[in-house]
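For reference, the structure is listed below as structure tokens.
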Amino acid sequence: MDTKTNLYDLSFADLIQFLADLGEPKFRAQQIWHWLYQGYAADVHEMTNLSKGLREKLATAVTIQPFVPVTTQHSSDGQTKKVLFRLPDGQYVETVLMRYEKRRTLCISTQAGCAMGCVFCATGQMGFFRHLRVSEIVAQVLYFARELAASGEHVTNIVMMGMGEPLHNYENTLTAVDRLTAPDAFNLGARKITISTVGLVPAIRRYADEQRQTPLAISLHAATDAERNKLIPINKRWPIADLMEAIRYYIAQTNRRITFEWALIHGQNDTLQQAQKLGELVQGLLCHVNLIPLNPTAGFAGGPSSLERVEAFQQELARYGVSSTVRVRRGIDIQAGCGQLRDRVLREAEAEKLRIDVQVQSGE
Ligand code: SAH
Ligand code: SF4
């Protein structure tokens, strides 16, 4: 394990204190903070307005990038790029960059694995390893910000839809959000960062009480408890009625629209009956529904709905006055669904290990 302090784990006040302990004045903290969040420095040696002596001192005490990229993949259309990072303790983090017209949207992870066990999700299938630290969340964004800056571009949107359940790692995720939106730090508009949750009811209430400006998306995927229990185990703890009550509370507190995510699984939750149940459930609510044909995963037998079924579902929703958008699955050829790249890389490593074992056994 790396025992050095990662600079992205520090608040500005922490950084001032950290430097004071090294005998450095406050304005050094301002310089370093600027290098981190606006200069996108990847190494203290890039901080050219610091003395060489201070840079050397810092190099022995701190890190900036908390992980190393191990695999990078580009989709065939070149618009989506996925990076798998390895953390010092052997965990993995996935981040995806999606280019769409003028948007540069990052899909970032908040945990290594996930404890929620949704059956259709590659991350849920691998189980939970640990929460990501603030630095490990923030650095995913800065890594791509640096890369985009090289071609005169910048991150325009962030979705917390990579590995993990953001509201299960509430403190670190929201501290990272605060850092990414702070005008003196990364300075991205709060409305440009979407938090997606499986529906952790107490956390949604807390989020509402904190009057957060970052949009909230709820992964609903089924409109009856009988159906949702089969897909999302946490529904047994917080069933749909409790979830809807928390959502109504959120809307009342913030006056903000909620987004529902619905992965359409052929023959399972794409029936007209489920569309009607969903219509009844959310009719009149300040909301929008995103319909996403399922991204198939190794551990789940279900497949995506056909385009006809997607359209029929959408039309049925419209009868209830519920607006929806069909989202295309971007980067499907590069395992861009959450958890899928780590899954593939480890599977290939395992296959390679088996191959070596076989060679050793057969004396090759
Ligand atoms: N844990 C959070 C955020 C990460 S998952 C959540 O569940 O909301 C991001 C989104 O991807 C969620 O809406 C999730 O339901 C969806 N998702 C997971 N696996 C999927 C798959 N195989 N196909 C389509 N969407 C999937
Ligand atoms: Fe976790 Fe979200 Fe995947 Fe469910 S869908 S297992 S909450 S990452």
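Reckoned from all heavy atoms, side chains included, excluding hydrogens, waters and symmetry mates. Whatever order the structure lists them in is the order used to number ligands and atoms, beginning at 1.
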Quiz item: Can Thr175 and Asn172 be counted as having a side-chain donor-acceptor contact under 3.5 angstrom?
Solution: no

Quiz item: By number and element, which atoms of ligand 1 are closer than 4.0 Å to a non-hydrogen atom of Thr197?
Solution: 6 (C), 8 (O)

Self-check item: Heteroatom proximity flag, Leu294 to ligand 1, N/O under 3.5 Å
Solution: no

Quiz item: Considering only heavy atoms of Asn295, which atoms of ligand 1 have at least one such atom less than 4.0 Å away?
Solution: 21 (C), 22 (N), 23 (N), 24 (C)

Self-check item: Pair Arg146 + Glu46: basic N to acidic O under 4.0 Å
Solution: no

Quiz item: Who's closest to atom 2 (Fe) of ligand 2 heavy-atom-wise, of Gly113, Gly164, Gly124?
Solution: Gly164

Self-check item: Lys/Arg-Asp/Glu bridge criterion (N-O < 4.0 Å) met for Glu171, Arg206
Solution: yes

Quiz item: Any salt bridge between Arg319 and Glu316, counting N to O under 4.0 Å?
Solution: yes

Quiz item: For Met160, is the nearest heavy atom under 4.0 Å from an atom of ligand 1?
Solution: yes

Practice problem: Would you check if there is a donor-acceptor pair between the side chains of Asp21 and Gln17 at a distance under 3.5 Å? | Solution: yes

Exercise. Any atoms of ligand 2 less than 4.0 Å from a non-hydrogen atom of Cys114? List them with their elements.
Key: 1 (Fe), 6 (S), 7 (S), 8 (S)

Exercise. Enumerate the atoms of ligand 1 whose separation from the nearest heavy atom of Ala263 is less than 4.0 angstrom.
Key: 24 (C), 25 (N)

Quiz item: Near Cys121, which atoms of ligand 2 are under 4.0 Å from a heavy atom of that residue?
Solution: 3 (Fe), 5 (S), 6 (S), 8 (S)

Quiz prompt | Gly164 heavy atom under 4.0 Å from ligand 1 | solution = yes

Quiz item: Does ligand 1 have a heavy atom under 4.0 Å from the side chain of Cys121, from its backbone, from both, or from neither?
Solution: both

Practice problem: Return a yes/no value for Thr297: is any of its N or O atoms, backbone included, closer than 3.5 angstrom to an N or O of ligand 1? | Solution: no

Quiz prompt | Residue Arg133 excluded, over 12 heavy atoms near CZ under 6.0 Å | solution = no

Quiz item: Side-chain donor-acceptor pair under 3.5 Å between Thr297 and Gln125, yes or no?
Solution: yes

Self-check item: Nearest-option assignment for atom 14 (C) of ligand 1, heavy atoms, candidates His221, Glu261, Met116, Arg327
Solution: His221

Quiz item: Do Glu153 and Arg99 sit within salt-bridge range, that is, some charged N less than 4.0 Å from a carboxylate O?
Solution: yes

Practice problem: For Tyr8 and Arg179, test the side chains for any donor-to-acceptor distance below 3.5 angstrom and give the result as yes or no. | Solution: no

Quiz item: Would you say Gly162 touches ligand 1, if touching means a heavy atom closer than 4.0 Å?
Solution: yes

Quiz item: Short list, please: which atoms of ligand 2 are under 4.0 Å from a heavy atom of Met116?
Solution: 1 (Fe), 7 (S)

